[in-house]
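Worksheet for the structure shown next.
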Amino acid sequence: MEKGRNLRFSRAYIPTSKETPNDAVLQSHILLIRGGYIQGVASGLYNLLPLGKKILDNIRDIVKDELDRAGCQEVDLAFVTPAELWEESGRIQKFGKELLRFHDRKENLFVLGPTHEEMMVNLVRDNITSYKQLPQNLYQIKTKFRDEARPRFGLMRGREFVMKDGYSFHESEEDMKREFSLMEETYKKIFSRLGLDFRVVEADSGAIGGTGSREFMVLADSGEDTLVVCKSCEYGANIETAKRQPKDAPEPVEMTFGKFLTPNMKAIDELSEFFHVDPYFFVKAVAKKAIFEDREEIVLFFVRGSDELEETKAVGTVGALELVDASQEELETAGLVAGFMGVLNLPQNIRTVYDLELKGSKNLITGANEVDYHYVGATLEELPEDTHFADLVVVKEGDLCSVCGGELHYKKGIEVGHIFQLGTAYSEKLKANFLDQNGKSQPMVMGTYGIGVSRLISAVVEQSHDDKGIILPKEIAPYRLNILVSNVKKSEELEFGEEIYSHFQSLGVPTILDDRKDRFGFKIKDAELIGFPYTLIIGKSLKDGEVEILHRARGEKESVSVDEVKTKLEELLK
RNA sequence: CGGGGUGUAGCUCAGUAUGGUUAGAGUACUUGGUUUGGGACCAAGGGGCCGGAGGUUCGAGUCCUCUCACCCCGACCA
């Protein structure tokens with residue numbers, strides 16, 4: 001018999017509530033508070049109550065189990081990390097205010113770890129000196145802290161949260177890629193065991209750097225990320241990086257080159273109407289100020305009038321830290337005219353990037369870089385060799401899949417996992433080198449793999465609930481079986497409940513006995529709100545030798561004879 | 001960080017335009033009784049620095065100033 005897996009409801013600390021908390025909006029947030037799983041303490045900070053702690057532990061066990069099977073080793077690094085490490089990697093600047101910093105009594109600067117690349121490299125760099133000690137894959141499941149500008153949605157975006165962060169070290173790019181694939185497979189197993197409906201998508205690597213990167217997205221309308229997925233094949237990508245087949249032209253149009261007066265017409269729609277030409281044939285110019293570590297520069301991005309600029313792609317293609325809107329003055333200083341920017345008559349030395357789908361196009365309408373004028377019949381056939389082309393556009397619903405030609409559509413997703421092919425960025429900066437087979441010193445090749453463990457609690461609930469409450473799969477439910485004694489004053493009901501309770505207790509099944517003195521309606525509402533996968537109802541039909549099993553997910557009650565109930569439950573709870 | 005909103009009982013909220021007995025309701029809680037298959041009923045109770053500080057006034061939950069906290073939209077987000 002294992003302790004701590006069973007509980008009498010009458011002794012439990014499970015503060016449920018009928019009322020919707022006034023500061024919660026998202027269903028998962030509301031239900032987790034109402035169900036007595038969590039309690040808010042401050043913006044982005046939550047206490048886990050007994051039920052919340054159990055569900056977290058259950059998720060953690062599954063994550064750990066699969067990782068250990070895949071050969072990863074768990075460690076536990078200090079939460080408080082010396083700021084010097086962050087200076088070494090240069091990320092103390094990059095992370096900015098999200099890093100919570102403070103001084104100890106000796107006035108040394110520390111930060112609360114928001115992610116542990118630096119710490120993990122530091123852990124291995126002095127001990128791993130030879131290719132013979134590689135590869136390694138180390139992980140921890142631990143509280144992280146990021147001082148988010150705007151925490152929200154309960155556990156979904158807290159400042160303090162539990163993350164599984166893993167880091168692998170390799171002697172070669174190939175070996176890192178092998179591990180990356182292994183982690184992708186391992187993550188799929190984890191999320192499948194959690195009963196989640198998820199997609200693996202291509203993703204932007206963002207500030208962490210590296211090349212290939214995959215996100216694991218739980219599909220939910222409340223998700224903060226937009227995914228582009230194909231209806232016909234497996235293709236899926238975060239919209240920040242999604243690709244499509246080049247769009248076909250609506251109807252070929254022949255234009256004679258000329259300059260036209262377009263007084264005060266700046267919007268593509270207006271111009272399209274004025275010229276009776278589809279927006280596809282316009283060149284849209286988007287001016288942004290690109291911020292680099294040491295300088296700023298105005299960059300002009302050109303896409304078709306029927307397209308929109310995807311900023312994440314744009315940032316990546318110019319290698320900037322971020323893009324911000326350029327002010328009127330900044331545009332003028334650069335020699336640009338807002339509303340009439342175009343591909344012809346550009347001022348000298350202005351940096352430009354063209355969308356790939358504009359390559360070799362002709363019969364275009366474009367701003368004249370002169371107030372109130374546009375050119376008609378412009379061509380991009382004669383651009384210089386070194387013109388910068390890149391994928392810049394936002395993929396829209398209905399666009400065609402670049403893999404199979406199927407129709408693309410949008411889905412909303414909650415990011416619960418992200419795996420990166422990191423390369424040598426951190427090992428170089430932090431000097432984590434080893435000697436290869438030729439005795440040559442090399443930086444270790446790294447991969448990094450994250451899972452939002454506490455966020456998964458929200459994600460599970462977000463994906464699995466109804467108007468009555470939470471619906472938990474038995475793999476992660478705090479108790480798999482709830483034994484509801486309808487009226488504890490009826491000794492035969494209570495006795496039968498106790499019998500079943502001790503039976504499953506001895507089998508090691510996490511079980512709770514609802515022996516509270518409350519009425520049936522009150523207790524069944526609680527059971528549905530909390531989301532026990534199975535509730536055994538011992539009530540008025542007991543005298544006829546019958547009890548009922550409530551299947552939470554199906555929302556159905558099933559009558560079972562008292563003789564068969566143990567076998568039946570054992571079957572269900574397996 | 002910009003814009004908006006809200007702070008009154010454990011929880012959900014009235015009351016604040018027009019200052020004036022002892023600050024209310026529902027729910028939750030305690031006690032007694034009646035109930036007992038879908039958040040019961042009757043009765044009696046306990047519970048408040050009206051977010052905080054300062055001010056105006058004979059008098060402030062209510063008016064003024066400042067502050068803090070929380071939520072929403074946006075920016076941001078390995």
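Naming convention: chains lettered A, B, ... in sequence-line order (proteins, then strands); numbering from 1 in each chain.
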A:Asp23 CG to B:G51 C1', straight-line distance once rounded to whole Å: 15 Å
Can you check the distance between B:C42 and B:U35, where both ends of the measurement are the P atom (answer in whole Å)? 15 Å
If a protein heavy atom is under 4.0 Å from the base, mark B; if only from the sugar-phosphate, S; if neither, -; do that for nucleotides 37-42 of chain B going 5' to 3'. BBBB--
Verify the contact: side-chain N or O of A:Ser43 to OP1 or OP2 of B:A69, cut-off strictly under 4.0 Å; return yes or no. no
Examine the base of B:C77 for any acceptor or donor lying under 3.5 Å from a partner atom in the side chain of A:Arg157, and report the outcome as yes or no. yes
Do you see a donor-acceptor pair shorter than 3.5 Å between the side chains of A:Gln140 and A:Asp165? yes
If you compare every side-chain N and O of A:Arg150 against the phosphate oxygens of B:C73 (OP1, OP2), does one of them come in below 4.0 Å? yes
Return the stems involving RNA chain B, sorted by first number, where pairs are Watson-Crick (N1-N3 with N6-O4 or O6-N4) or G-U wobble (N1-O2 and O6-N3), both under 3.5 Å, and runs are 3 or more long. B:1-7 with B:68-74, B:10-13 with B:24-27, B:29-34 with B:40-45, B:51-55 with B:63-67
Side-chain ion pair, A:Lys313 and A:Asp204, N-O less than 4.0 Å: no
For residues A:Glu215 and A:Asn238, is any side-chain donor paired with an opposing acceptor at under 3.5 Å? yes
For the rings on A:Phe191 and A:Phe216, is their centre-to-centre separation under 6.0 Å? yes
To the nearest Å, give me how far apart CG (A:Asn22) and P (B:U6) are. 12 Å
Pairing donors with acceptors under 3.5 angstrom, does anything connect the side chains of A:Ser559 and A:Glu548? no
Does B:A25 fall in syn (glycosidic angle within 90° of 0) or anti? anti
Show your working on ring pair (Phe, Tyr, Trp, His ring centres under 6.0 Å) between A:His29 and A:Tyr46 and close with a plain yes or no. CA-CA 11 Å; A:His29 189 190; A:Tyr46 292 87; 5.6 Å; yes
Mind checking the P distance from B:U8 to B:C71? Whole angstroms is fine. 14 Å
Pair A:Gln93-A:Glu87, side-chain donor/acceptor within less than 3.5 Å: no
Donor-acceptor pairs under 3.5 angstrom involving side-chain atoms of residues 527-543 of chain A: please list them, not counting sequence neighbours.
from: A:Thr535; atom 1: OG1; to: A:Asn482; atom 2: ND2; distance (Å): 3.3
from: A:Ser541; atom 1: OG; to: A:Glu546; atom 2: O; distance (Å): 3.1
from: A:Lys543; atom 1: NZ; to: A:Lys540; atom 2: O; distance (Å): 3.0

